[in-house]
There are 2 protein chains.
Amino acid sequence: MPWRGGKGGPGWEGHFRGCGYRWTVSREVIIEVLSSTRHHMSAEDIYHAVHKDYPAIGLTTVYRTLDLLVDMGLVLKFDFGDKRARYELAEEFSTKEHHHHLVCNRCGRVIDYTEFIDDEVELFKKTEKGLSKKYGFQIKSRMIQFSGLCGNCNREQK
Amino acid sequence: MPWRGGKGGPGWEGHFRGCGYRWTVSREVIIEVLSSTRHHMSAEDIYHAVHKDYPAIGLTTVYRTLDLLVDMGLVLKFDFGDKRARYELAEEFSTKEHHHHLVCNRCGRVIDYTEFIDDEVELFKKTEKGLSKKYGFQIKSRMIQFSGLCGNCNREQK
DNA sequence: ATCCTTATTGAAAATGGTTTTCATTATCAT
DNA sequence: ATGATAATGAAAACCATTTTCAATAAGGAT
Ligand SMILES: [Mn+2]
Ligand SMILES: [Mn+2]
Ligand SMILES: [Zn+2]
Ligand SMILES: [Zn+2]
């Protein structure tokens, strides 16, 4: 795990430089926000968090930075069914372990779960190898997502 | 498999009636389109297909009907990363077998794959049971999706 | 077959997350 | 420090989807 999070960690900066991008305050701050949350933030969430300390940073820049981060594979983008995209640090840069998502259709709660992850990883490996051979498809990312009713909503639903 | 597809099959009509909805020409025609394609159509795709024979049916009705079908569990809604939602008959009403999706990030091609489905189903069952016990979460739907580069795009990329 | 209630519909307008535009500013190799 | 140009913010544009509302059609009752 050579990547240190936190302010201006050479890992992040190096990634940007390595791709020919500049290392800017906006980028550092946005990454800092993503690094220090356990939530799945929307662009606007991030914008608000950033805005407290850096009111000059605009929503447009947040969107642009997130796009870059996703392209570079440093951040994952999710669709949990509310209209806005949600973002989370990629595994290698996160303190969270490899996980998938459980989304409540009623209240929108999102649970990170890690149960049976080993089995999933194994199955993924096998599947990817099979699909790559059969379709010549090179898999870059994989996602599993369950949705339904969370404990609370399940109870109320009755 | 008690459900017959095709024009006005009592299966579809019964489903609507059973939920207290009326059985209308628009609904019949939209279902007919979904039943006779192997593609993952957008609302607008469906609108255009319907429009040839029934120019009076509007895009709004297509959206509304799709929402209903998704709510009733007869149709699945996907996000393949282009901006529009994509729709496909649920397994029980489709001639396609249970499958998952392989999405090309470059050209947008979507492949239905069925490899290792048995393993996946087994793992899903186990996972669902575990999650249900641990989080009280009642799972209604599950999705797996891989993305990357398809055979063609992989070759060109070089 | 006709009436009546109301679910359904189409057209147009509104919505809202995201993207584009463009003039200004900041980064960084020199 | 200087200059080339990548990055940025504000405002406008975009565009899939949703909402509004008056007109229409479905289907139970008669
Ligand atoms: Mn997560
Ligand atoms: Mn499919
Ligand atoms: Zn819930
Ligand atoms: Zn492709």
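Rounded to whole angstrom, the span from the CG atom of A:Asp67 across to the C1' atom of C:dT20 amounts to 12 Å. C:dA7 atom P lies 11 Å from atom OH of B:Tyr21, rounded to whole Å.
Atom-to-atom distance recorded for B:Ser94:OG and B:Asp112:CG is 8.5 Å, nearest 0.5 angstrom. Once rounded to the nearest 0.5 Å, the distance linking NZ of B:Lys77 with CZ of B:Arg86 reads 13.0 Å.
In this structure, B:Arg64 reaches the bases: a heavy-atom distance under 4.0 Å links it to at least one base atom across the strands shown. Among the atoms of the strands shown, only primed sugar atoms or phosphate atoms (P, OP1, OP2) are found under 4.0 Å from some heavy atom of A:Ser26.
For DNA chain C, the neighbouring residues in residues 79-88 of chain A, judged by any heavy atom under 4.0 Å, are A:Lys83, A:Arg84, A:Ala85.
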Can you give each donor-acceptor pair under 3.5 Å made by side-chain atoms of residues 118-128 of chain A, sequence neighbours left out, with the distance rounded to 0.1 Å?
{"from": "A:Asp119", "atom 1": "OD2", "to": "B:Lys126", "atom 2": "NZ", "distance (Å)": "2.5"}
{"from": "A:Glu120", "atom 1": "OE1", "to": "A:His100", "atom 2": "NE2", "distance (Å)": "3.0"}
{"from": "A:Glu120", "atom 1": "OE2", "to": "A:Tyr113", "atom 2": "OH", "distance (Å)": "3.2"}
{"from": "A:Lys126", "atom 1": "NZ", "to": "B:Asp119", "atom 2": "OD2", "distance (Å)": "2.5"}
{"from": "A:Thr127", "atom 1": "OG1", "to": "A:Leu123", "atom 2": "O", "distance (Å)": "2.7"}
{"from": "A:Glu128", "atom 1": "OE1", "to": "A:Arg142", "atom 2": "NH2", "distance (Å)": "3.4"}
{"from": "A:Glu128", "atom 1": "OE2", "to": "A:Arg142", "atom 2": "NE", "distance (Å)": "2.3"}
{"from": "A:Glu128", "atom 1": "OE2", "to": "A:Arg142", "atom 2": "NH2", "distance (Å)": "3.2"}

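Taking the side chain as every heavy atom from C-beta outward, B:Tyr87 and B:Val70 approach each other to under 4.5 Å.
Of the two residues near DNA chain D, A:Ile57 and B:Glu44, the one whose nearest nucleotide lies more 5' is A:Ile57. Where A:Lys77 and B:Thr60 each meet DNA chain C at their nearest nucleotide, the meeting point lying more 5' is that of B:Thr60.
Residues A:Phe116 and B:Gly130 share a closest heavy-atom pair of CE1-CA, 4.0 Å.
In terms of the side-chain hydrogen bond (donor to acceptor under 3.5 Å, both in side chains) criterion, residue partners of A:Ser141 (sequence neighbours excluded) are, by chain and number, B:Ser147.
When distances are taken from the side chain of B:Trp23 to each of C:dT27, D:dG27, D:dT8, the shortest belongs to D:dG27.
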